[in-house]
Amino acid sequence: MQTVDALVECPVPESFRVRQLAGMFDVPLEEKLTRRFQVQLPAEDAPWQVGMIVGDSGSGKSTVARTAYGSRLVQRFHWKRDQAVIDGFGSSNSTRTITQALVAVGLSSPIAWCQRYRSLSTGQQFRADVARGMLARGNLIALDEFTSVVDRTTARMGCMALRRAIDRQQLSKKLVAVTCHRDAIPWLRPDWVLDMNSGQLTRRCLRPPQLQLAIHRCSRDLWPMFAPHHYLDGKLNPAARCYVGLVEDRPAVFAATLNNFRKNHLRVTRLVTLPTYQGVGLGGRMLDELADHLTTEGATHIHISGSHPAVVAHCNRSAKWVFRQLLKTGRRRSGMYRDNPHWKTSTGRAVATFCFAGRSQVD
């Protein structure tokens, strides 16, 4: 345990009006413009991974964090104006490490990785800053104004994605979130919370919140909402059967299947999660639960082929999916599709194929 003693002093500019106001309201300026904060924080080498300093505006959150963590307290990072996000992490991190961190915090779109930081949405910028902080040098990062610039749904999903990645040891750095938003606590699940309103330090062990995912058949009219976020292109086969996953009655995940040239053989041809809901496992849940449902409807073979690291990682972890093949340079055009320019192939990129093992493999 460490004691943080922070003294804030604000010098009073000498002027006639300042003294006039002090006299009018009988304000002892020297006393009012000096404030001391004395609080307890867990030692950095103690067994914790995520901490939070929370309190109302003006309660001394940033002052205490700055005293305790110095230059490791960051509000927002500086990103070069004409640099892609993927290039903003420094030369010490490999492309693989950077993309893994971005996927872990829920910024899962390769399209977003190649854009300038200023071109991203506010929610995507928040996740990019978190990923950069978690890959910064040192074993601890403190993020000031945590979730303050995003809507509360994005904040909740971002917190859940970050904690999920930390629990899976995808991110190893210790994190201290400094915020005035108490609604982030059950989603980030900090190991300790310092409440600046009361000065009390408490340790917590909260269960992860459960998101309810409702899957329904839908028309292709919903596809334009998801198309910009697919990592390949925005086309959808006219014969595709479409499904949507709802979270709190809002569209969050989209999936589409195609008949794979044989009766009851299906291929998952599209799986897209909206940026707000990325990083919390909804895409994997959608894939598993949809495959279960299609199996009960009579499908005997279901497979998915893809290059996206989140899809590959989920299928590798899940007992419901069995790895079938890896095409390191993709699939070449052949047969009746050799000369068809509208038939998109995976030539030039690595593609992994997984087959659904069914309920019997996991029950």
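The analysis underlying the following values was restricted to heavy atoms, covering all of them including side chains, and did not include hydrogens, waters or symmetry mates. We count residues from 1, following the sequence as given. These numbers come from a predicted model, not from an experiment.
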Spell out, as yes or no, whether a donor-acceptor pair under 3.5 Å connects the side chain of [X] to the backbone of [Y].
X      : Y      : answer
Trp48  : Lys174 : no
Gln49  : Ser172 : yes
Tyr277 : Gly106 : no
Gln124 : Ser121 : yes
Arg267 : Ser305 : no
Thr154 : Val150 : no
Arg220 : Cys242 : no
Arg66  : Leu73  : no
Thr295 : Ala291 : yes

Nearest non-hydrogen partners of [X] and [Y], listed with the distance:
X      : Y      : answer
Val105 : Arg127 : O-NH1, 3.0 Å
Pro186 : Pro209 : O-CD, 3.4 Å
Met134 : Ile166 : CE-CD1, 4.3 Å
Gly55  : Asn197 : CA-OD1, 3.7 Å
Phe254 : Cys218 : CE1-SG, 3.9 Å
Met160 : Leu211 : SD-CD1, 3.7 Å

| Step-by-step side-chain contact (heavy atoms from CB on, under 4.5 Å) determination, Tyr231 to Ser307 | CA-CA 9 Å; Tyr231 71 105; Ser307 306; 4.0 Å; yes

Value rounded to 0.5 Å, distance of [atom1] in [X] from [atom2] in [Y]:
X      : Y      : atom1 : atom2 : value
Leu143 : Thr179 : CG    : OG1   : 10.5 Å
Leu188 : Thr147 : CG    : OG1   : 9.0 Å
Phe126 : Leu162 : CZ    : CG    : 7.5 Å
Arg72  : Arg137 : CZ    : CZ    : 15.0 Å
Cys180 : Met196 : SG    : CE    : 13.5 Å
Arg324 : Ile304 : CZ    : CD1   : 15.0 Å

| Thr257 and Tyr243: CA distance, side-chain angles, deciding distance, side-chain contact (heavy atoms from CB on, under 4.5 Å) verdict | CA-CA 9 Å; Thr257 64; Tyr243 302 84; 4.0 Å; yes

Using a distance-only test with no angle check, is there a side-chain donor-acceptor pair under 3.5 angstrom linking [X] and [Y]?
X      : Y      : result
Asp56  : Ser59  : no
Tyr117 : Arg76  : yes
Asp195 : Gln200 : no
Asp288 : Trp321 : yes
Gln278 : Thr273 : no
Glu297 : His293 : yes

[X] vs [Y] side-chain heavy atoms within contact, under 4.5 Å:
X      : Y      : value
Phe146 : Val130 : yes
Arg270 : Phe226 : no
Ile86  : Leu102 : yes
Leu326 : Val351 : no
His301 : Cys355 : yes
Thr63  : Phe37  : yes
Leu246 : Pro251 : yes
Arg189 : Asp167 : yes

| query | Please walk me through it: do Thr276 and Thr153 pass side-chain contact (heavy atoms from CB on, under 4.5 Å)? | reply | CA-CA 7 Å; Thr276 296; Thr153 299; 3.7 Å; yes

With hydrophobic residues grouped by side-chain heavy-atom distances under 4.5 Å, do [X] and [Y] end up in a single group?
X      : Y      : result
Met286 : Leu282 : yes
Phe16  : Val18  : no
Met52  : Leu201 : no
Val4   : Leu7   : no
Ile98  : Val312 : no

| request: State whether Trp79 and Arg132 meet the cation-pi test: NZ (Lys) or CZ (Arg) under 6.0 Å from the six-membered ring centroid, and within 45° of the perpendicular axis. | output: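 Yes, a cation-pi geometry holds between Arg132 and Trp79.
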
| message | Over 60° means perpendicular and under 30° means parallel, so tell me whether Trp113 and His308 are parallel, tilted or perpendicular. | response |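 It falls in the tilted class, 30° to 60°.
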
| field | Criterion salt bridge (charged side-chain N to carboxylate O under 4.0 Å, His left out) on Glu289 and Lys320, from CA distance to verdict | value | CA-CA 10 Å; Glu289 293 179 22; Lys320 292 189 173 186; over 6 Å; no

| task | Run the numbers on Asp5 and Val39 for side-chain contact (heavy atoms from CB on, under 4.5 Å), then give the verdict. | result | CA-CA 7 Å; Asp5 189 348; Val39 296; over 6 Å; no

| Verdict with supporting geometry, Asp191 and Arg163, salt bridge (charged side-chain N to carboxylate O under 4.0 Å, His left out) | CA-CA 11 Å; Asp191 304 307; Arg163 183 72 216 207; 3.6 Å; yes

More than 12 heavy atoms of other residues, nucleotides or ligands under 6.0 Å from [atom1] of [X]: yes or no?
X      : atom1 : value
Arg207 : CZ    : no
Arg250 : CZ    : no
Arg262 : CZ    : no
Asp82  : CG    : yes

| query | Under 4.0 Å between a Lys/Arg side-chain N and an Asp/Glu carboxylate O for Asp183 and Arg156? | reply |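 A salt bridge is absent here (no side-chain N lies under 4.0 Å from a carboxylate O).
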
